[in-house]
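Working notes for the structure below.
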Amino acid sequence: MSGFLLRLAGPLQSWGERSAFAPVRDTAPFPTRSALIGMFAAAEGIGRQDGGLDRYQNLHLTVRVDRPGVRLVDYHTAGGGFPKERTPATSAGSNKGAAVITRRHYLSDAVFVVAVTAPDQILEPLTTALRRPHWAPYLGRRSCVPDEPFLLRRHVDDPEEELRTRVPLSRPTPRDRHGHDREPTTIQVEFLCEQPARPALHPAAPHHAERPLPAESKEPGAPASSSPDAADRPAPSDSFADIIEVNDVPVSFAPHARSHTTRRLHRTVEALPGHLAGPQHTLIQRLIDYAHLEDHA
């Protein structure tokens, strides 16, 4: 099945997992299905109370974690120092009479590339809407504006294979212990897949049976390793996959009747070709060149 590719990058992202009205508004360490489906529906002009989410149920999402980012917490207040009638409203129709304090979590400097596999009947209208959206896309919260290029490719025959073999990695070329750039044979990269990882179609991405990640990598989105030589050192045999369960499949976005169901994600660490990385100052041009391949196809 064919599909398209999105690059989710920006100064800040926030992929909330729990109630939007909790004092602590957390973020998942990767884009949630709920946020992505909401982005697609908004682009197509489908309102929160319009329903119609069934059209997205056959979309399959695979997330490549180029950079997991750094977690940032914002101490946020609203309505402080005002008369009661100008403070935030309550569900009972009154006003709180005091400032509302929340702690909002973000991912700073994170980059994800998402392969979306879609049936042909939805692929063309959806990618057209993403290029000219009814409501602008954002990275989890309205204040989190995506970088360009956002829609990397509108149509690819095998979007998951593109992630593994062709889409440039948004990370610099690894350096050796002396600080010199070098191009490793392979680079370890984390993936989150809705289906079990398939056997590799190229030598640079070995396939392993699903096993738990080591304890130091249990946080979803954590980098595989931070040592200078880790980029081209084969990962140990027990570090390639595990399964996590997330409650992020949207059933309804209605403001007073939001509901979600669970799904399973297969989290893997795979060895990608080293040439997908490169000097940071060439990244945007490499992404543009890749996106323009579609124009010449």
Side-chain angles (χ1 to χ4, degrees), residues 2-13 30-31 36 39 43 61-70 107-116 123 126-133 136-140 144-176 178-192 201-205 221 223-224 226 228 230-232 270-297:
S2 57
F4 60 93
L5 296 164
L6 289 176
R7 180 174 179 266
L8 307 179
L12 295 174
Q13 308 183 29
F30 49 81
L36 291 170
M39 181 188 296
L61 309 176
T62 299
V63 176
R64 190 182 78 181
V65 183
D66 283 22
R67 291 203 302 262
V70 176
L107 300 177
S108 173
D109 202 31
V111 180
F112 307 96
V113 183
V114 184
V116 183
L123 180 58
L126 180 51
T127 54
T128 298
L130 287 167
R131 290 193 69 182
R132 298 177 179 85
Y138 49 84
L139 305 178
C144 301
V145 181
D147 284 350
E148 292 287 354
F150 170 64
L151 180 59
L152 272 181
R153 296 285 291 273
R154 294 182 61 185
H155 185 279
V156 288
D157 291 335
D158 190 339
E160 291 186 23
E161 184 62 10
E162 288 284 314
L163 286 186
R164 293 179 169 91
T165 59
R166 303 188 68 186
V167 181
L169 270 168
S170 297
R171 63 173 67 174
T173 302
R175 296 187 174 187
D176 60 25
H178 303 294
H180 301 132
D181 288 344
R182 58 192 174 86
E183 184 176 299
T185 304
T186 60
I187 296 179
Q188 304 296 321
V189 179
E190 183 175 339
F191 284 78
L192 295 121
L201 301 181
H202 50 88
S226 58
D232 60 351
E270 301 185 24
L272 301 192
H275 66 77
L276 295 182
Q280 196 67 12
H281 69 276
T282 69
L283 173 61
I284 295 301
Q285 189 59 54
R286 288 186 289 119
L287 289 166
I288 291 172
D289 291 344
Y290 172 77
H292 282 175
L293 289 175
E294 188 166 55
D295 299 334
H296 303 299

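Keep in mind that what you see is a predicted model, and the values were worked out from it rather than measured.
Between the E270 side chain and the E190 main chain, no donor and acceptor come within less than 3.5 Å of each other.
Residue I284 holds its CD1 atom at 7.5 Å from OG of S170, rounded to the nearest 0.5 Å. Atoms OH and CD, on Y290 and E162 in that order, are 3.5 Å from each other to the nearest 0.5 Å.
Evaluation of the side-chain contact (heavy atoms from CB on, under 4.5 Å) rule for R154 yields E124, T127, T128, R131, L151, E294 as partners, not counting sequence neighbours. With sequence neighbours excluded, the residues satisfying side-chain contact (heavy atoms from CB on, under 4.5 Å) with E148 are F150. By the side-chain contact (heavy atoms from CB on, under 4.5 Å) test, A115 pairs with L5, T62, P159, E160, L163, sequence neighbours left out. By the salt bridge (charged side-chain N to carboxylate O under 4.0 Å, His left out) test, R64 pairs with D66, sequence neighbours left out. Here F191 pairs with nothing under the ring-ring contact (aromatic ring centres under 6.0 Å, His included) rule; sequence neighbours left out. Taking the side-chain contact (heavy atoms from CB on, under 4.5 Å) definition, one finds that P11 meets it with D147, sequence neighbours left out. Residues passing the salt bridge (charged side-chain N to carboxylate O under 4.0 Å, His left out) test with D289: none are found, sequence neighbours excluded.
Closest heavy-atom contact between T165 and L276: O-CD2, 3.5 Å. For P133 against P137, the heavy-atom pair with the smallest separation is CG-CD, 3.8 Å. The heavy-atom pair separating L123 from S2 by the smallest distance is CD2-OG, 3.6 Å. Between Y138 and P146, the shortest heavy-atom distance links the atoms CA-CD, 4.1 Å. Across all non-hydrogen atoms, the minimal contact from Q13 to L8 is NE2-O, 3.2 Å. Nearest approach of V145 to L139, heavy atoms of both residues: O-CD1, 4.1 Å.
Each side-chain hydrogen bond (donor to acceptor under 3.5 Å, both in side chains) pair with one or both residues in residues 273-282, not counting sequence neighbours, appears once here: T282-R286.
A heavy-atom distance below 4.5 Å is not found between the side chains of T186 and L272. With a 4.5 Å cut-off on side-chain heavy atoms, I187 and L169 count as touching. Side-chain contact between L130 and F4: present, with at least one pair of heavy atoms (C-beta onward) separated by less than 4.5 Å. Side chains of L6 and F112 form no contact here, defined as non-hydrogen atoms less than 4.5 Å apart. Two residues are said to be in side-chain contact when any heavy atoms from C-beta on lie closer than 4.5 Å; V65 and V189 fail this criterion. Side-chain atoms of V70 and L107, non-hydrogen and from C-beta on, never get closer than 4.5 Å to each other.
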